[in-house]
There are 2 protein chains.
Amino acid sequence: MRLIIVCTMPGTSERARNTPQRRAIVDALREADRAVTAQELHERLSGVGLATVYRNLQRLADEGEADTLLRENGETAFMLCGAGHHHHLTCRRCGLVERIGDCRLDEWARQVAGEYGFTDVDHRAELVGICARCRAT
Amino acid sequence: MRLIIVCTMPGTSERARNTPQRRAIVDALREADRAVTAQELHERLSGVGLATVYRNLQRLADEGEADTLLRENGETAFMLCGAGHHHHLTCRRCGLVERIGDCRLDEWARQVAGEYGFTDVDHRAELVGICARCRAT
DNA sequence: ATCAATGCAAACACTTTGCATAAAA
DNA sequence: TTTTATGCAAAGTGTTTGCATTGAT
């Protein structure tokens with residue numbers, strides 16, 4: 001498994017209506033310890049239409065509530081991650097994701113970019129490895 | 001523009017046949033200073049079937065010749081980048097890509113991962129900014 | 001002469017959209 | 001009551017695949 005992370009920027013939008021479907025989706029996301037796709041959620045949540053799942057996930061991403069992870073096969077997976085700059089540490093075996101809050105890449109990024117004449121530097125990073133539980137198995 | 005980088009691992013495969021189509025594709029990639037998609041190449045190279053472009057790009061990626069970049073809209077773009085661990089510095093305005101050879105993230109990655117009980121850590125990072133030329137504009 | 005590569009079109013997988021209906025606010 | 005969300009099915013988009021044919025070796 002290889003995941004590619006895209007952290008979304010909070011956008012402006014109306015407050016979403018508190019429908020049972022949306023609640024179910026958010027709850028499922030909250031309980032998940034890994035990123036899930038729309039289709040996965042749709043299967044898990046019988047009674048919620050696929051389009052509804054897609055629409056809600058997209059909205060959560062737009063609102064900055066959810067992070068978006070692109071998988072190599074083209075799927076998009078989502079997870080609740082709150083705001084603030086952070087990275088992810090993903091288990092390449094089971095998909096478990098840890099949120100890495102402290103980032104010390106800014107200086108490196110700025111320096112490297114400067115060497116190439118770039119400004120307004122931003123960075124994204126992804127860590128993958130084997131989690132403790134999988135290692136034990 | 002936001003690009004997400006996936007560095008491919010070299011695989012085992014037969015030597016590809018030196019067809020004019022393949023030559024055209026590789027040449028186009030070599031001349032490009034940014035990542036290009038199959039569809040873009042297909043347009044540029046009249047006389048090369050779309051499927052052929054896809055197949056060659058995929059093969060180049062499998063061979064480790066080309067890096068793969070996932071765009072947010074689901075497109076996959078490719079660029080020749082040779083082997084070896086490296087990162088990319090992309091201009092978010094014009095798409096220009098610089099290859100960043102020296103990477104000092106290993107230590108950070110290992111340390112952070114260790115704190116969470118992860119082993120066999122690998123990392124991927126992407127830098128985006130505004131290149132000198134775009135800045136001048 | 002072989003066997004892989006090409007081209008085309010059909011098939012795929014994931015996601016988005018139109019529209020009538022249901023249901024928050 | 002007004003307005004947004006849902007569900008379904010149809011349409012979109014990027015990519016892959018089957019198969020006959022071409023062409024590199």
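None of these values were measured; they are calculated from a predicted model. In the text below, chain A, chain B and the rest are named by the order of the sequence lines, each starting its count at 1.
Remark: P of dC14(C) and CD of Glu72(A) are 15 Å apart, rounded to the nearest angstrom. Rounding to whole angstrom units, CD of residue Gln21(B) and C1' of dG7(C) are separated by 9 Å. Atoms CZ (Arg22(A)) and P (dG7(D)) sit 14 Å apart, rounded to a whole Å. When rounded to the nearest whole Å, the span between CG of Leu70(B) and C1' of dA13(C) equals 15 Å. Distance Tyr54(A) OH to dG12(D) P: 18 Å, rounded to the nearest Å.
Applying a 4.0 Å cut-off to non-hydrogen atoms, the residues of residues 43-53 of chain B that approach DNA chain C are Gly47(B), Val48(B), Gly49(B), Ala51(B), Thr52(B), listed by residue number.
Residue-level contact check: Asn73(B) touches neither bases nor backbone, having no heavy atom under 4.0 Å from any strand. Looking at heavy-atom distances under 4.0 Å, Gln39(A) makes contact with a base.
Proximity note for Thr76(A) (side chain, C-beta onward) versus dA5(C), dT15(C), dT6(C): the nearest is dT15(C).
Classification of the His123(A)-His87(A) ring pair by plane angle, with boundaries at 30° and 60°, yields tilted.
The residue among Phe78(B) and Arg55(B) whose nearest nucleotide of DNA chain D is located toward the 5' end is Phe78(B).
Side chain Arg17(A) to base dT4(D): a donor-acceptor pair is found below 3.5 Å.
Side-chain N/O atoms of Asp106(A) and His85(A) include no donor and acceptor closer than 3.5 Å.
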